[in-house]
Protein chains: 2
Amino acid sequence: MSKKLDKRAEVIDLLTVHFLDTGLSDTGLRRLAEVAGTSDRMLLYYFENKDELLAAVLTNIAGGLSASLTQLFGTTPLSADTVLEKLWVAAKSDAFKPHLRLWLDLAAHANRGDPLFLSIAQQISTGWINWMASLLDVPEANKDATAALILAAVDGQLVLFPGEIARGEHAILQLIALFRGQAKAQAQSGAA
Amino acid sequence: MSKKLDKRAEVIDLLTVHFLDTGLSDTGLRRLAEVAGTSDRMLLYYFENKDELLAAVLTNIAGGLSASLTQLFGTTPLSADTVLEKLWVAAKSDAFKPHLRLWLDLAAHANRGDPLFLSIAQQISTGWINWMASLLDVPEANKDATAALILAAVDGQLVLFPGEIARGEHAILQLIALFRGQAKAQAQSGAA
DNA sequence: GAGTATTTGTAGCAGTCGCTACAGTAATAA
DNA sequence: TTATTACTGTAGCGACTGCTACAAATACTC
């Protein structure tokens, strides 16, 4: 029984890489088997069916995400404009682009009504939002909204400028400026 | 020859509705034929191949979009916060949700590298941005960036909250507040 | 009405899909 | 050693994919 589970875990890891590389297309069992160095027959031995396989791999990705985010951003609270600035740099990097692309893929499938992808997409979304909300140095009442705004602004660039997210630079800079303007105004009113 | 073209146009219209309803899944030729009240054989008579069919329908959707947008928003310039407010109401409405969903579908396919969807997605994106930029009552230098920010914020909610875009309300309200704060600050500095 | 061009149905190809029946080998327990 | 269990290869099913060969029907021109 243990060899089965070991192999299963190994397959999940191999496919995690593959999914981040290629998204949710290219998910035929025979192709996945090739990537994982096994046969379609064996994939269906390790997993109940294809849905369970997808769920396992995507959940693994979702789980690994917060770790790498925390590593990148640390845990000290940051202002909204700083968080957005750092996130934008990350979004443009080769390391994080795959995650964003996959998230977009998931969201598209979820919006289409697929229940499997819907629950996983929601899980990943709340993961991002909670992580960012906890990182933000803004009033408690605004944390979730600010986190959602920042994340939406960044993903939105991926939707607006497919394949060339960097073209969203102007829009992001504008939002950063808006955050700074707000912070300044609040500092003044606080001083008054 | 004319009957062929007439039928072709009719098919495009029927499939336009279908694509807005169901997105880019459910695009098998036999299924599309059923929806269009014909046969797969005939679809490939009206169109060169499936790609040309998809391109024709999606282009038709892209073309119809600006018309309905102009109808909804008029042509008098509006402030950024007003545009966002109106767009958000529209985004939550049943009439526009299909367009957003389809756009998300397209963007996901485009980000995956599919050249057909990439060019169409870019066409639709620039359509949205240009239309909104021309509508915005903001300094020329900021128009595109503001338009992209507004659009990204709205689509982003679709990505963040699949199937329940309304949950992005807080984030949108926050951005509206940021726009208003900026306008106020500029009015003050202008008066000084 | 003959002859040509346009339009349409039938049938099927070669490929993919998720999945399974069956048989065989390898490891483990008695 | 025997019996049970875990593992894995082969082969294929039935349903689907985009697409096409072929032939028949229909419409149009002369």
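Order of the sequence lines fixes the chain letters, A, B, ..., with proteins taken first and strands second; residue numbering starts at 1 for each chain.
Between the P atom of C/dT10 and the CE atom of B/M42 lies a distance of 13 Å, rounded to the nearest Å. Atom CG of B/D6 and atom P of D/dA27 are 15 Å apart (whole Å). At whole-Å resolution of the value, CG in A/D40 and P in D/dG12 are 15 Å apart. Atom CG of A/L43 is separated from atom P of C/dC17 by 13 Å (rounded to the nearest Å). The separation between B/D26 atom CG and D/dC16 atom P is 12 Å, rounded to whole Å. Summarising the geometry, the separation between NZ on B/K4 and P on C/dA5 is reported as 15 Å, rounded to the nearest angstrom. Atom CZ in A/R8 sits about 17 Å away from atom C1' in D/dA6, given to the nearest Å. As rounded to whole Å, 17 Å separates atom C1' of C/dC17 from atom CZ of A/R41.
In this structure, A/K92 contributes its side chain and A/E169 its backbone to no donor-acceptor pair below 3.5 Å. Side-chain atoms of A/D155 never come within 3.5 Å of backbone atoms of B/V159 as a donor-acceptor pair (strictly under, hydrogens ignored).
Within the 4.5 Å cutoff, the side chain of A/E10 has no heavy atoms near those of the A/D6 side chain. Between B/L102 and B/I124, the closest side-chain pair of non-hydrogen atoms is not below 4.5 Å. Taking 4.5 Å as the limit, every side-chain heavy atom of B/W103 sits out of range of all side-chain heavy atoms of B/L158. Residues A/K50 and A/T27 form a side-chain contact, since some pair of their non-hydrogen atoms from C-beta on lies under 4.5 Å apart. Counting only heavy atoms from C-beta outward, the side chains of A/L100 and A/V154 approach each other to under 4.5 Å.
Distances shown here put every side-chain N or O of A/Y45 at or beyond 4.0 Å from the OP1 or OP2 atom of D/dT8. Here B/Y46 reaches the OP1 or OP2 of C/dT8: one of its side-chain N or O atoms lies under 4.0 Å away. For D/dT8, the OP1/OP2 oxygens have a side-chain nitrogen or oxygen of A/K3 closer than 4.0 Å.
More than 12 heavy-atom neighbours from other residues, nucleotides or ligands sit within 6.0 angstrom of NE2 on A/H18. Under a cut-off of 6.0 angstrom, the local environment of CD in B/E48 is sparse, with at most 12 non-hydrogen atoms contributed by other residues, nucleotides or ligands.
Note: A/F73 and A/W131 have perpendicular aromatic rings, judged against thresholds of 30 and 60 degrees for the angle between ring planes.
Cation-pi contact between A/K7 and A/Y46: absent, since separation from the ring centre below 6.0 Å together with deviation from the ring axis within 45° is not met.
DNA chain C is contacted by no residue of residues 104-118 of chain A, taking any non-hydrogen atom closer than 4.0 Å. Of all the residues in residues 27-39 of chain B, B/R30, B/S39 reach under 4.0 Å from DNA chain C with at least one non-hydrogen atom. Annotation: proximity of residues 47-57 of chain A to DNA chain C (heavy atom, distance under 4.0 Å) is found for A/N49, A/K50, numbered in ascending order.
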